[in-house]
Protein chains: 2
Amino acid sequence: MKYTSEGEALTDIVLNIFRLNGLLLLEGDQITQEFGLTSARWKVLGAIALAPEPITVPQIARNMGLSRQAVQRLTNEMVTDDLLTFSDNPHHKRAKLLGLTRKGMNIYKKLEDKQRPWASSLAKGLDRKDLQITSTVLRDLIAKID
Amino acid sequence: MKYTSEGEALTDIVLNIFRLNGLLLLEGDQITQEFGLTSARWKVLGAIALAPEPITVPQIARNMGLSRQAVQRLTNEMVTDDLLTFSDNPHHKRAKLLGLTRKGMNIYKKLEDKQRPWASSLAKGLDRKDLQITSTVLRDLIAKID
DNA sequence: GATATAATGACAATATGTTGTCAATATATC
DNA sequence: GATATATTGACAACATATTGTCATTATATC
């Protein structure tokens, strides 16, 4: 296939994503620091908080596009830290269901309150339509690769 | 600050970037596998290949938005693997200048040939203007955070 | 030129992630 | 129901990345 100008733009996007990923992880680490969390744990916390029903480790991994081993390690530590609980799964003897503890729920809410103005401030000055286009393009790329 | 709809779109973008970062690293690992490289090493190789002049480890780190320690580790191993060379820096006794070996250059060229059709194929079906908007938005976000 | 400050390489500790393997449990197929 | 296949948790090995520290070298300031 010829190297299209679209391909050129895409190469640029890829490099920007690598860069932005690193910056966003640092931002998340700073936002969560006062609660003793990190970007990675915040993401897991959010995945569980936003799930309509209790979910298992492999389900979170599939939702987030991570290996189940990576999620397992995080959740095990977060249970130790009293952020999450494992509860028996009536449909599966090995795969426990994950839930938030009161502490986990409280921290999640506080992080939501901190994240919203952060996002709005970062979005300020950027065109709404452009942001929506970006969101769509990223989603399309994920669908194409995955 | 109020949670704007722009902020909402941005939150979506952030999560998509985390996901896409992981997928792109896997793609890069697959593309580079036949040459014994990885996504991380490919990025370093590219940074050196595209630099107009020989550069040092901390310069690469700043260009790529990585810690100098992370880049140092990669370059040390890549020198061992005969992909890069350190050469004396007339302006600095400690900070060596990095260059590509013949092997490094050959692999870089082959990766370029592999990457272009990959990017074009991934971009296929996406609107050129949308891709350019995405690229611009990502760049703006990097500039705002960094 | 002397001295304070910054940048660099080396090393270590830690966090995040992938991959691979094993035994145990679920699920599908016959 | 028996059997083959897939999923899951636990464990280990490894790659990538940040942060922190130290001694050494550069650079800025006086």
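Note that this is a predicted model, so its numbers are computed, not measured. We name chains A, B, ... by the order of the sequence lines, and we start the count at 1 in each one.
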Handout entry: Salt-bridge criterion met for B:K110 and B:E34 (N-O under 4.0 Å)
Key = no

Practice task
Considering only NZ, NE, NH1 and NH2 on the basic side and carboxylate oxygens on the acidic side, decide whether B:R139 and A:D12 come within less than 4.0 Å.
Solution key: yes

Problem - Exercise: do B:D29 and B:S39 side chains pair donor with acceptor under 3.5 Å - result: yes

Exercise for the section: Starting at OG of A:S121, measure out to CZ of A:R116 and round the result to the nearest 0.5 Å. Expected result: 15.5 Å

Handout entry: Distance, nearest 0.5 Å, that separates CG of B:L84 from CE of B:M105
Key = 11.0 Å

Handout entry: nucleotides 6-17 of chain C: protein proximity per nucleotide (B base, S sugar-phosphate only, - neither; heavy atom, under 4.0 Å)
Key = --BBBB----BB

Exercise for the section: Return yes when atom NZ of A:K93 has more than 12 non-hydrogen atoms of other residues, nucleotides or ligands closer than 6.0 Å, and no otherwise. Expected result: no

Practice task
Answer yes or no: is there a side-chain heavy-atom contact under 4.5 Å between B:T134 and A:N16?
Solution key: no

Fill in the blank from the handout: Contacted region of DNA chain D by chain B, from 5' end to 3' end of the hits, cut-off under 4.0 Å to heavy atoms, spans D:dT16 to D:dA26

